[in-house]
Amino acid sequence: MTPISIRQLTKTFGSTVAVDAIDLEIAPGSLFFLLGPSGCGKTTLLRMIAGFAQPDSGSIHFGGKDVTHMPPHQRNCGMVFQGYALWPHMTVAQNVAFGLQVRKVEREETARRVEEALKLVQMQTLADRRPNQLSGGQQQRVALARALVIRPTVLLLDEPLSNLDAKLRIEMRGQIRSICKQSGITAVYVTHDQKEALSMADGVALLQTGKVMQVGPARELYDRPNSRFVADFLGETNFIPATLAGRQGDQVLLDTPAGPMRSSVFPADLPTTGSVTCSIRPEAIKLRADANDDFNRFTARRREVVYLGEVAQHHLTIAGGTPITAFELNPQPVNDTEAVRIGFDAKDVVVLKD
């Protein structure tokens, strides 16, 4: 298992700063995600880790080894591309064996390692097929086997599920995570899909305009975002403007257009006065809230209910005309215009500095 250390890594293209003095520490054996919108720098960062692009400054270390200016073939990275990049004239087994043949691994050893890699991705029974005889998910597993068979120091995955349909993407998430964990390899995975990151990652770095906005476990970024951008990018949320009104124990008191509110999640350096924004996830909002001292409670009116099968989205308006969305599991039929008493715990109100 190999840790990856990235220090002050910078890459520019003309006047555009694609990667801006990024520092990252990736734990050995972890599945680490580079997440962010298009143009945020995540693919450029991955290409520098792979050696396909050279940084303007900064360094990359695999373990204690500086690989910053080392050519790609000497870094021993396995790469899984968005488009699979399988040779159409080769069988599955031949595609997987290709990297070993380039490295001049003996024939018997090559056959043994190809069999092991195909077994790991559950493709051993299709070893003699060609790529055009496989489904998208099967091709993706072959591409993963080809990357793993060389026993790489680091596995790099560049949006590997983006070409698959929605149902297959969900199936492949668990398979890729399981394969990475079984192999014990350190993996860096690029995506713009928040659900992939939340469901698969050990750690996440969320990027915007070449900078790391927040890094940590996926659940931490979701539950405790440090900025409006992070809260908004990782799933749905409600933003409510507020003014700081004081402290009460371990809670912050807030004045909002909808009325007074309390939060127990706020930055350590939060000032005592000023404007802030509160982020509240839709699933944290309880419809028909009962009397509970831990709850912020408001009267709301439904504007619309969108039924999505296992969940319904309730689009509401609370006092002051503030719009808010709540999720309800196992929804029951309701009157769209019905007034409802909603509530949410102080621990689910995340205060973000403006």
Side-chain angles (χ1 to χ4, degrees), residues 194-195 198-199 204 206 214 216-306 308 310-332 334 338-354:
Q194 309 96 306
K195 286 186 169 55
L198 290 169
S199 62
V204 176
L206 181 54
Q214 189 171 350
R219 184 65 181 264
E220 179 182 300
L221 268 66
Y222 185 83
D223 289 340
R224 301 291 183 266
N226 65 6
S227 69
R228 186 182 180 110
F229 170 77
V230 175
D232 194 33
F233 191 85
L234 279 175
E236 293 189 50
T237 195
N238 297 288
F239 290 118
I240 297 179
T243 302
L244 295 169
R247 302 284 178 96
Q248 187 177 74
D250 61 353
Q251 294 185 347
V252 170
L253 305 180
L254 303 151
D255 288 330
T256 79
M261 198 161 67
R262 290 175 291 122
S263 167
S264 57
V265 183
F266 50 89
D269 60 348
L270 188 71
T272 56
T273 61
S275 297
V276 294
T277 298
C278 299
S279 170
I280 306 155
R281 298 290 183 187
E283 65 272 16
I285 297 172
K286 182 178 179 181
L287 298 167
R288 296 172 291 276
D290 51 14
N292 186 322
D293 290 339
D294 294 329
F295 270 62
N296 296 287
R297 292 187 299 279
F298 299 92
T299 299
R301 186 163 295 277
R302 288 191 181 89
R303 292 179 286 114
E304 182 185 22
V305 179
V306 180
L308 299 174
E310 75 283 1
V311 65
Q313 291 179 332
H314 293 257
H315 299 288
L316 312 163
T317 301
I318 54 179
T322 305
I324 198 165
T325 299
F327 291 164
E328 181 185 26
L329 292 174
N330 303 314
Q332 302 298 317
V334 295
E338 175 189 5
V340 61
R341 188 74 169 166
I342 66 168
F344 42 91
D345 201 292
K347 66 180 176 58
D348 294 315
V349 180
V350 180
V351 177
L352 308 170
K353 291 189 291 185
D354 282 352

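In this chain, residues are counted from 1 in sequence order. All values reported here derive from a predicted model rather than from experimental measurement.
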Stepwise, does the side-chain contact (heavy atoms from CB on, under 4.5 Å) test hold for V252 with R247? CA-CA 5 Å; V252 170; R247 302 284 178 96; 3.7 Å; yes
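The two residues L206 and F233 have their closest heavy-atom pair at CD1-CD2, 3.6 Å. Closest heavy-atom contact between S279 and A231: OG-CB, 3.7 Å. In terms of heavy atoms, S263 sits closest to V351 at OG-CG2, 3.4 Å. Taking both residues in full, the closest heavy atoms of R262 and L254 are given as C-CD1, 4.4 Å, listed atom of the first, atom of the second, then distance.
With sequence neighbours left out, the salt bridge (Lys or Arg N to Asp or Glu O under 4.0 Å) criterion links R219 to D223.
Rounding to the nearest 0.5 Å gives a distance of 4.0 Å between CD1 of I240 and CD1 of I280. We find the CZ-CZ distance between F327 and R281 to be 9.5 Å, quoted to the nearest 0.5 Å. T237 contributes atom OG1, which lies 7.5 Å from atom CG of D232 (distance to the nearest 0.5 angstrom). Rounding to the nearest 0.5 Å gives a distance of 13.0 Å between CZ of F229 and CG of L352. In this structure, K347 NZ and Q251 CD are separated by 12.0 Å, a value rounded to the nearest 0.5 Å. One distance of note links CZ of F266 with CG of L244; it measures 10.0 Å at 0.5 Å rounding.
Between P241 and S275 the shortest side-chain heavy-atom distance does not fall below 4.5 Å. Between I285 and N238 the shortest side-chain heavy-atom distance falls below 4.5 Å. Contact of the M261 side chain with the F344 side chain is registered, since non-hydrogen atoms from C-beta on lie closer than 4.5 Å. With a 4.5 Å cut-off on side-chain heavy atoms, F239 and C278 do not count as touching.
Between the side chain of Q214 and the main chain of N226, a donor-acceptor pair closer than 3.5 Å is present.
Sorted by first and then second residue, the salt bridge (Lys or Arg N to Asp or Glu O under 4.0 Å) pairs involving residues 263-280 (not counting sequence neighbours) are D269-K353.
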Please table the atom pairs, donor to acceptor, closer than 3.5 Å between any side-chain atom in residues 316-325 and protein atoms at least two apart or in another chain.
from : atom 1 : to   : atom 2 : distance (Å)
T317 : OG1    : R303 : NE     : 2.9
T325 : OG1    : H315 : ND1    : 3.2

